[in-house]
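Below is one structure, written out as structure tokens; the observations come after it.
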Amino acid sequence: MNADGRTRLNQMPEWTALAKHREELGEVRLRELFAADPGRGTGYTLRVGDLYVDHSKHLVTDDTLRLLRELAVATDVFGLRDAMFRGEKINTTEDRAVLHTALRAARDAVIEVDGENVVPAVHAVLDRMADFAGRVRSGEWTGHTGKRIRNVVNVGIGGSDLGPAMAYEALRAFTDRSLTFRFVSNVDGADLHEATRDLDPAETLFIIASKTFTTIETVTNATSARTWLLNALKDEAAVAKHFVALSTNAEKVADFGIDTANMFEFWDWVGGRYSYDSAIGLSLMIAIGPDRFREMLDGFRIVDEHFRTAPAESNVPLLLGLLGVWYNNFHDAQSHAVLPYSHYLSKFTAYLQQLDMESNGKYVGRDGREVDWQTGPVVWGTPGTNGQHAYYQLIHQGTKLIPADFIGFAEPVAELGDELKAQHDLLMANFFAQTQALAFGKTPDEVRGEGVPEELVPHKTFKGNHPTTTILARELTPSVLGQLVALYEHKVFVQGAVWNIDSFDQWGVELGKVLAKRVEPALTEGADVPGLDASTKALVATYRELRGR
Ligand code: F6P
């Protein structure tokens, strides 16, 4: 029994039933599943919004899916979902509501936190962002010297960087190409240097994005950015025209020297990794314009509504979450690959890494007890075709089970010329070929049939049976991007709910921050830091020696 009175996950009859089912299924073969059910290729598919989701190439039967849904019922996934949408404080370790869904709620929706409807404030900020973005895009908002803003540099880290950077890349084809966008996150001075070295300070707007406005990397980079600006413009007053802040912390923003009139706020019920559709998306809104940004929010909302209302059998985030549980907990899979077949989604998996791993990388349950089941997987991947020539070998013939999501689009982006558009079929031929090869492989007899010498047959055999989800949409639009992100947000939610962990805190990142603060004086001044372990002491000494200190 859990401390909260809930039966331990791995003692629930639904869990035991799945373990038994897994044993009985044994080495189920995708070839056999497809041979037994000619309708599988269309039957095991779902749609949400513009997304066509094929889960036929998974090591599951109807019974598996039913048993997984029963586990979701037993773990009250939908109860927690409803509590989230209602604004209850389901982030218990921080005593906060979890309301990223309110960021894309319709203007007339009512969502209350502590008795107050938060939706009007969400739309008020969106309207202010739209006004500001419009003025930057039109040239009405100028820099301190009267020059037009041509460069926008977002300074932030984690959720205050990965989301806008990913979405800017994803929607590049929709951006104002006359503006330059850069994203600075790393406290390594090289990041800011490379982002600014060819920019004119008089034409550059810095967006300082930080939920807390205490994050050392961001505050340090923001301070250096201000110095860079003032060295050129030589007037403190310039800060007001070249710096805006995105934050929940007005006091710290003011302390830093940014006028709070130039601050776009969000709220503690928005987690950093769930925040790029809040004020944190200002750089993206400047890039694609307010209308496209709102289309993206509409896309998020389509999937929110689906997750909130669709029955379990057709609920796509539920399905994806449960399939992850199946492999993570009943097949011992350690990782999950996300492989987009779109160059524009080159940062999508890096974004998902934070979304998933910071949310579900926890070994303590909501009841404060250590879990004795596996929680979040290692999420990894890069655009697919590049991966094919790098790490796909291991997915095909390695010894590990790596479930993977393949994301592709029927149409190339509109602005490609005819010749480049023609390459799209080749890209997508690879997309379809890979999931086919992964699922069905190539038997020794098929290899022999090609006249391969016997000693090479084992090497050229593909066992197949590697599970994949295929997500296909017509085109990568702002709405489709919103749909994809919401899909993964809710997938992560489902898994956290099943594993009984708080997916919305991130205490695991704190210790490193505290230790970095403690070690810094040892590096800079050679200070004797009490309690430093022997390894770190020796490393610090070597570092100082290498730096000639
Ligand atoms: O250290 C992790 C973290 O707190 C993330 O959760 C967050 O997205 C990131 O740091 C940045 O935080 P902030 O937006 O407060 O600067």
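Quick caveat: nothing in here was measured; it's all calculated off a predicted structure. Both ligands and their constituent atoms are indexed starting at 1 by order of listing.
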Please could you name the atoms of ligand 1 that [X] approaches to less than 4.0 Å, counting only its heavy atoms?
| X | value |
| --- | --- |
| S210 | 13 (P), 14 (O), 15 (O), 16 (O) |
| V509 | 1 (O), 2 (C) |
| Q354 | 5 (C), 6 (O), 7 (C), 8 (O) |

Side chain to side chain donor-acceptor pair (under 3.5 Å): pairs with one or both residues in residues 113-126, sequence neighbours excluded: K89-D114
Residue pairs passing the side chain to side chain donor-acceptor pair (under 3.5 Å) test where at least one lies in residues 207-227, sequence neighbours excluded: T212-T214, T212-T215
Side-chain H-bond candidate by donor/acceptor type, W499 with N329, under 3.5 Å: yes
From CZ (R96) to CH2 (W269), nearest 0.5 Å: 12.5 Å
Under-4.0 Å heavy-atom contact with ligand 1, by part of Q506 that carries it: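 Q506 to ligand 1: side-chain contact only, backbone stays beyond 4.0 Å.
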Crowding at CD, E194 (>12 non-hydrogen neighbours, <6.0 Å): yes
Ring center gap for F264 and F132 short of 6.0 angstrom: yes
is_close_aromatic(F504, Y274), centroid dist under 6.0 Å: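 Here the rings of Y274 and F504 have centres that are less than 6.0 Å from each other.
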Identify the closest protein heavy atom to [atom]: which residue and atom is it, and at what distance?
| atom | result |
| --- | --- |
| atom 10 (O) of ligand 1 | K513 NZ, 4.5 Å |
| atom 15 (O) of ligand 1 | T212 OG1, 2.6 Å |
| atom 11 (C) of ligand 1 | I157 O, 3.2 Å |
| atom 8 (O) of ligand 1 | G159 N, 2.8 Å |
| atom 6 (O) of ligand 1 | E358 OE1, 2.9 Å |
| atom 12 (O) of ligand 1 | T215 OG1, 3.5 Å |

Within-cut-off N or O pair, S160 and ligand 1, under 3.5 Å: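 Such a contact does occur with ligand 1.
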Test item, E510 contacting ligand 1 (heavy atom, 4.0 angstrom): no
Cationic N near anionic O, under 4.0 Å, R294 to D277: no
